[in-house]
Protein chains: 2
Amino acid sequence: MLTTERKSLLLARLAQTGRLVARDLAAELALSEDTIRRDLRELAAEGHLLRVHGGALPLSPTHRPMAQRQGMQVQAKAQLAQKGAALIRPGQIVILDGGTTHLALVAALPKDLPCTIITHAPGIAAALEPFPKIEVILIGGRLMRHSMVAMGAETTASFARIRADLCFLGVTGVHPETGLTTGDAEEAALKRIMLGQAAEGVVLATEDKLGTSSPWGIAGLNTVRVVTTGDRPVWLGA
Amino acid sequence: MLTTERKSLLLARLAQTGRLVARDLAAELALSEDTIRRDLRELAAEGHLLRVHGGALPLSPTHRPMAQRQGMQVQAKAQLAQKGAALIRPGQIVILDGGTTHLALVAALPKDLPCTIITHAPGIAAALEPFPKIEVILIGGRLMRHSMVAMGAETTASFARIRADLCFLGVTGVHPETGLTTGDAEEAALKRIMLGQAAEGVVLATEDKLGTSSPWGIAGLNTVRVVTTGDRPVWLGA
DNA sequence: CGTCTGTTTGCACGATATTGCACGAATCAG
DNA sequence: CTGATTCGTGCAATATCGTGCAAACAGACG
């Protein structure tokens, strides 16, 4: 197995399972633990994962378990959620990405809003139960653990068959030059497709994302409307 | 389990339940209380929680709603869930239908069971987040509000592409003559397909379902294993 | 073809981290 | 006050880490 190939495998595995254990990987790949540790060290140096004793974990706050993320920036997210919810007009077809901000958006929706919501995040779908007039389309696929959204070929194909009016996209970085970015290549590709299926894209960005950049690009800032907690929408490019 | 991962788990658990008890955590994670206490001490030193005698509490006494829903037949379902969870062997591919009983089954699964779970219920999928070694395949489709599972052509097609070892099916009636039944025709058809894709079918039936019958038939009793709250499995046909 | 160079891998070894246990001190409940 | 529980510390066993080094290997170059 090629070294680069192995590193990719490690990252993919991390995205899928949410953790890597050096000893298990060495046994599975029939390599010494030293080699695995070297890989993990280098991947950590490149900023692709968090090295911990015994293996590695996904990086940074956006990759932490849901329960832990939910407590962060509650009021900022609630405020963003309000603004986001106000963008949805009756009858529209809306693609809703995963993430705690969008979970807050669901909570902020009017109870009798009639529309169609398409999502690949089971948590979002489950939260839509109390809305009698919202039709929910669940997109299937293999569930990524750290982000709790479906991904893979099946997911991509399902989204490709859809046309929507609005697409709420979750990102980890919003930067004037690199545009919208996220921490995983596959994730970035899927988000790009989701965005392409909708007439209009919206990103609800908490302040900590503004001016930051993640490894994988999704699209330029001019392709979406960026909503922040500031008093008026901020177009970073302007 | 990685040390860092365990600490994250503790924080997540604290955010979710509002308190941590050292003794219970040690039992649940199969570790000595010393290790848990050490974790709590370190997390407290890092300013992530408030160490108290016997466990830990959140730093900011903000809110802990603890909206523990009082479902019906909680202990009967928990008992059934235990029995059901025991049927899943490591490495198996399992189809899991929606419903509160199956939600209880998820809660009863061993924390490190390696297997694949296929479900069209977003609630079930979301509940599987804390299980690092379970691969979750989400089946998409149009979400039915009353049962909160995906249904329709897309769902049917997705299930048709799958082969599983085990299929846990939710039903509303278990009767010696009419067999397994449910209240919706489309639902019955989908359940029949799900059952057909698995080598073995299992129905976790609370007592109130036994001997009753709903309008739409799924399959005969002899095609599945019916597990009840009784001490030994009851085959109603016998 | 022979040599050199850079990369990759596995091994050795001392350093560090983690875990469980023992034991006395502190705390809690009645 | 008394018994039981929990706590903190020290210690030993084990696991993991990082570094240095040598062998194997592929490619560059003469």
Side-chain angles (χ1 to χ4, degrees), chain A residues 1-60 63-65 68 145-146 215, chain B residues 1-61 64 66 90 110-114 130-133:
Chain A
M1 165 163 322
L2 278 52
T3 307
T4 315
E5 190 183 6
R6 190 179 56 237
K7 286 193 189 176
S8 295
L9 175 69
L10 293 183
L11 284 180
R13 182 69 65 92
L14 179 61
Q16 195 181 354
T17 64
R19 77 166 166 184
L20 295 176
V21 180
R23 185 164 36 89
D24 299 352
L25 288 165
E28 184 178 334
L29 300 178
L31 290 168
S32 76
E33 295 186 29
D34 300 74
T35 302
I36 300 297
R37 278 206 302 270
R38 240 184 294 251
D39 288 346
L40 294 182
R41 236 176 301 166
E42 289 166 13
L43 287 171
E46 294 162 18
H48 289 112
L49 48 75
L50 175 67
R51 188 76 173 89
V52 301
H53 197 89
L57 293 173
L59 259 187
S60 78
H63 290 194
R64 297 259 182 73
Q68 186 174 347
R145 190 153 313 278
H146 69 274
Chain B
M1 155 131 16
L2 303 170
T3 308
T4 315
E5 189 184 12
R6 189 180 55 237
K7 286 193 191 175
S8 291
L9 175 69
L10 293 182
L11 284 180
R13 183 68 66 91
L14 179 60
Q16 203 174 6
T17 65
R19 71 167 179 172
L20 295 177
V21 181
R23 185 163 39 89
D24 299 351
L25 288 166
E28 183 178 336
L29 300 177
L31 290 168
S32 76
E33 294 186 31
D34 299 75
T35 301
I36 300 297
R37 278 206 301 270
R38 239 184 293 251
D39 287 345
L40 295 183
R41 234 175 299 161
E42 289 167 13
L43 287 171
E46 293 163 19
H48 290 115
L49 48 75
L50 176 65
R51 189 77 173 88
V52 298
H53 197 88
L57 292 174
L59 268 184
S60 54
R64 293 303 157 215
M66 276 269 282
K111 286 290 171 244
D112 58 351
L113 178 72
F131 297 84
K133 293 190 175 176

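All values below were derived from every heavy atom in this structure, side-chain atoms included, with hydrogens, water molecules and symmetry-related copies excluded. Throughout, a chain's letter reflects where its sequence line sits, starting with A, and its residues are numbered from 1. Predicted model only: the values in this text are computed from it and were never measured.
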- Task: Under 4.0 Å from any atom of DNA chain C, heavy atoms only: list the residues of residues 22-41 of chain B that qualify, in numerical order.
- Result: Leu31(B), Ser32(B), Asp34(B), Thr35(B), Arg38(B)
- Task: Check whether any side-chain N or O of Arg23(A) sits under 3.5 Å from a backbone N or O of Ala27(A) as a donor-acceptor pair, and report yes or no.
- Result: no
- Task: Please report how far the helix from dC1(C)-dG30(D) to dG30(C)-dC1(D) bends, comparing the axis fitted to its first five pairs with the axis fitted to its last five, to the nearest 10 degrees.
- Result: 40°
- Query: Between Glu5(A) and Leu2(A), is there a donor-acceptor pair closer than 3.5 Å when you use the side chain of the first and the backbone of the second?
  - Reply: yes
- Message: Quick check against the 3.5 Å criterion: does Arg145(A) have a side-chain atom that pairs as donor or acceptor with the backbone of Phe131(B)?
- Response: yes
- Query: Donor-acceptor pair, Thr35(B) side chain versus Leu31(B) backbone, under 3.5 Å?
  - Reply: no
- Query: Could you state the CG-P distance from Leu2(B) to dA15(D), rounded to the nearest angstrom?
  - Reply: 15 Å
- Taken to the nearest whole Å, CE/Met1(B) to P/dA15(D) is 18 Å
- When rounded to whole Å, the NE2 to P distance for the pair His53(B) and dC28(C) reads 6 Å
- Message: Between P on dA17(C) and CZ on Arg6(B), what's the gap in Å once rounded to a whole number?
- Response: 15 Å
- Item | Touch class at under 4.0 angstrom, heavy-atom based, for Val21(B) against every strand present | nothing
- Message: Which heavy atom of Leu57(A) sits nearest to which heavy atom of Gly18(A), and what is that distance?
- Response: CD2-O, 3.6 Å
- Interatomic distance, Arg6(B) atom CZ to Arg38(B) atom CZ [nearest 0.5 angstrom]: 9.5 Å
- Is there a donor-acceptor contact under 3.5 Å from the side chain of Arg41(B) to the main chain of Ala45(B)? no
- Item | For Leu43(A), the option from Leu49(A), Leu14(A), Leu20(A), Leu50(A) that meets side chain to side chain contact (heavy atoms under 4.5 Å, CB included) | Leu49(A)
